[in-house]
Structure formats: structure tokens, C-alpha cells
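Below: the structure, in C-alpha cells.
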Amino acid sequence: MFFKSSEKSETKRIGSAETGYVDVPYDFVVFNNDIKLSDGTIQYSDEKGENIITLQYFDSSVADAKAYASNMYIQFANDALVKKDSIKCAMEVIDNCEAYQVYCYYPNDDTYVVTWTFNSKYDKNVHYVAVEFKTKNIKLFELVEKTYHMKG
């Protein structure tokens with residue numbers, strides 16, 4: 001494991017007022033390999049680029065959180081590399097906001113992708129938080145779920 005989640009000094013805080021903030025392992029670096037991302041997107045990963053955290057926001061006048069989450073589900077369903085019976089949806093709470101959670105598993109890479117899409121009580125944007133992690137690094141998912149907040 002690349003960090004000890006119980007030790008605050010093992011993590012650092014990333015994010016912005018627009019995307020929200022989350023703790024990441026101290027050795028994570030800026031990840032610039034995704035070319036389809038919008039301005040204002042924040043991504044960090046481990047040095048290998050295998051475990052990735054993404055923070056993003058969208059204009060809610062274009063679509064609501066449910067529509068963005070539905071789009072994620074469709075993307076996973078159409079991805080030939082995703083194990084089809086691993087695609088799941090749930091309503092979860094992140095930073096005291098109800099969120100649409102969509103997740104799946106990529107067996108060839110032994111990678112899970114978990115996304116949360118929600119409307120924040122602090123602004124009028126739709127917020128998107130995602131974590132991609134190898135099975136052995138499930139603590140990264142737990143770290144994101146526990147430490148994400150809209151206010152620093």
C-alpha cells in the first residue's frame with residue numbers, strides 16, 4: 001500500500017473552490033494523461049498513473065447530476081473492457097450531499113472506477129468526483145469518500 005490512511009501527514013489536500021477538496025497520498029502527482037477533460041478539472045495520480053483521483057464540475061443549466069451519472073453508466077456499459085455485471089449504481093452521501101454513484105471493474109487491469117455526481121449545497125454546479133484504483137489500493141476509495149468536501 002502506498003500510504004497509511006490513519007496518518008494525516010501521509011496525505012496532502014488538493015482541489016479548488018470550484019471542484020471541492022480531497023486528501024490524496026503525499027506522493028501523488030498532477031496527472032495530465034486524460035485528453036478529454038474540461039478546463040478546471042483537477043487530477044492527481046500515483047507516479048505510475050495507475051491510481052487516479054479526478055475532481056470536476058459542470059454547469060447545471062446544461063444537465064443535472066442524474067443526467068451526468070446516466071452518461072457515466074452508458075460509457076461504462078459501452079466499454080468493451082468493463083466487466084458488464086460489475087457496473088452498479090447507488091445513491092450515496094458525499095460531503096452531506098446525496099450523490100449518484102456509478103462504479104465498475106476492469107478485470108484486465110484489475111482496476112475499479114467509482115464516480116460520484118451530485119449537486120452541492122454551496123453552488124449551482126454539478127460536481128463529479130472519481131477514483132480509479134487497483135484492487136490492492138481500496139484504501140484510496142475510502143480516503144476519497146471520507147475526506148471530500150466542497151469547503152477546504
Side-chain angles (χ1 to χ4, degrees), residues 1-34 36-47 49-77 79 82 86-106 111-152:
M1 182 56 63
F2 46 74
F3 71 100
K4 297 175 187 173
S5 62
S6 62
E7 295 181 29
K8 185 74 172 165
S9 64
E10 297 283 334
T11 63
K12 61 185 173 187
R13 197 96 171 126
I14 64 159
S16 71
E18 294 82 21
T19 63
Y21 300 88
V22 70
D23 291 354
V24 299
Y26 71 95
D27 59 350
F28 268 38
V29 296
V30 174
F31 183 76
N32 293 316
N33 292 357
D34 281 342
K36 301 180 208 175
L37 299 176
S38 63
D39 291 341
T41 300
I42 295 173
Q43 280 192 309
Y44 275 72
S45 73
D46 59 7
E47 291 179 0
E50 294 179 340
N51 299 280
I52 306 164
I53 294 173
T54 304
L55 303 175
Q56 215 170 355
Y57 66 97
F58 305 101
D59 184 346
S60 63
S61 68
V62 175
D64 64 9
K66 185 176 183 178
Y68 282 109
S70 294
N71 186 47
M72 283 306 308
Y73 183 91
I74 291 167
Q75 286 182 34
F76 290 152
D79 189 332
V82 170
S86 75
I87 305 170
K88 305 289 183 204
C89 301
M91 287 301 294
E92 296 293 334
V93 174
I94 189 166
D95 191 25
N96 296 314
C97 297
E98 281 194 351
Y100 297 95
Q101 186 183 69
V102 182
Y103 54 96
C104 69
Y105 178 66
Y106 289 85
T111 299
Y112 285 90
V113 177
V114 180
T115 67
W116 295 265
T117 309
F118 60 96
N119 296 307
S120 171
K121 59 189 172 195
Y122 300 110
D123 61 31
K124 296 181 191 241
N125 293 320
V126 173
H127 293 272
Y128 172 84
V129 178
V131 59
E132 301 172 40
F133 59 93
K134 300 289 184 183
T135 301
K136 68 180 180 178
N137 295 326
I138 193 166
K139 286 191 179 278
L140 184 60
F141 160 75
E142 296 167 353
L143 182 67
V144 171
E145 194 171 50
K146 288 177 185 174
T147 67
Y148 177 84
H149 293 287
M150 278 302 302
K151 301 288 184 181

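Below, all heavy atoms of this structure are taken into account, side chains as well, without hydrogens, waters or symmetry copies.
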field: With sequence neighbours excluded, residues passing side chain to side chain donor-acceptor pair (under 3.5 Å) with Ser120
entry: none
- prompt: Within the side chain of Lys146, is there an N or O that forms a donor-acceptor pair under 3.5 Å with the backbone of Asp23?
  reply: no
- prompt: Do Val129 and Val22 come close enough that some side-chain heavy atom pair is under 4.5 Å?
  reply: no
field: Nearest-0.5 Å distance, OG1 of residue Thr115 to CD of residue Gln75
entry: 9.5 Å
Under the side chain to side chain contact (heavy atoms under 4.5 Å, CB included) test, residues paired with Thr19 that sit two or more places apart: Ser16, Ile42, Leu55, Tyr57
By side chain to side chain contact (heavy atoms under 4.5 Å, CB included) - contacts of Ala17 (at least two apart): Tyr21
message: So, using ring-ring contact (aromatic ring centres under 6.0 Å, His included) as the criterion, who are the partners of Tyr106 when residues are at least two apart?
response: none
message: Using the rule side-chain contact (heavy atoms from CB on, under 4.5 Å), only one of Ile53, Val131, Val144, Val29 pairs with Val24; which is it?
response: Ile53
- line: Residues passing the ring-ring contact (aromatic ring centres under 6.0 Å, His included) test with Tyr128, sequence neighbours excluded, are none
task: State the CG-NZ distance between Asp27 and Lys12, to the nearest 0.5 angstrom.
output: 7.5 Å
- prompt: Where is the tightest heavy-atom contact between Phe31 and Gly49, given as atom of each residue plus distance?
  reply: CE1-CA, 4.0 Å
query: Got a second to check how far Leu140's CG is from Asp46's CG, nearest 0.5 Å?
result: 8.5 Å
Exercise answer: donor-acceptor pairs, residues 93-105 side-chain atoms, under 3.5 Å, sequence neighbours excluded:
unit_1: Asp95; atom_1: OD1; unit_2: His149; atom_2: ND1; d: 2.8
unit_1: Asp95; atom_1: OD2; unit_2: Met150; atom_2: N; d: 2.8
unit_1: Tyr105; atom_1: OH; unit_2: Asp110; atom_2: OD1; d: 2.8

query: Out of curiosity, Tyr44 OH to Asn32 CG, how far, rounded to the nearest 0.5 Å?
result: 9.5 Å
query: Do other residues, nucleotides or ligands put more than 12 heavy atoms under 6.0 Å from Lys121 NZ?
result: yes
task: Using a 4.5 Å cut-off on heavy atoms from C-beta on, say whether the side chain of Met72 contacts that of Phe76.
output: yes
- prompt: side chain to side chain donor-acceptor pair (under 3.5 Å) with Asp59: which residues, sequence neighbours excluded?
  reply: Ser61
- request: Check ring-ring contact (aromatic ring centres under 6.0 Å, His included) between Phe133 and all other residues, then give those that pass, not counting sequence neighbours.
  value: Tyr112
message: Checking Ile52 against Gln43 for the side chain to side chain contact (heavy atoms under 4.5 Å, CB included) test, could you report, in this order, the C-alpha distance in whole Å, the side-chain angles of both residues, the deciding distance, and whether it holds?
response: CA-CA 7 Å; Ile52 306 164; Gln43 280 192 309; 3.8 Å; yes
- line: Hits for side chain to side chain donor-acceptor pair (under 3.5 Å) against Asp123, two or more places apart or cross-chain, chain-then-number order -> His127
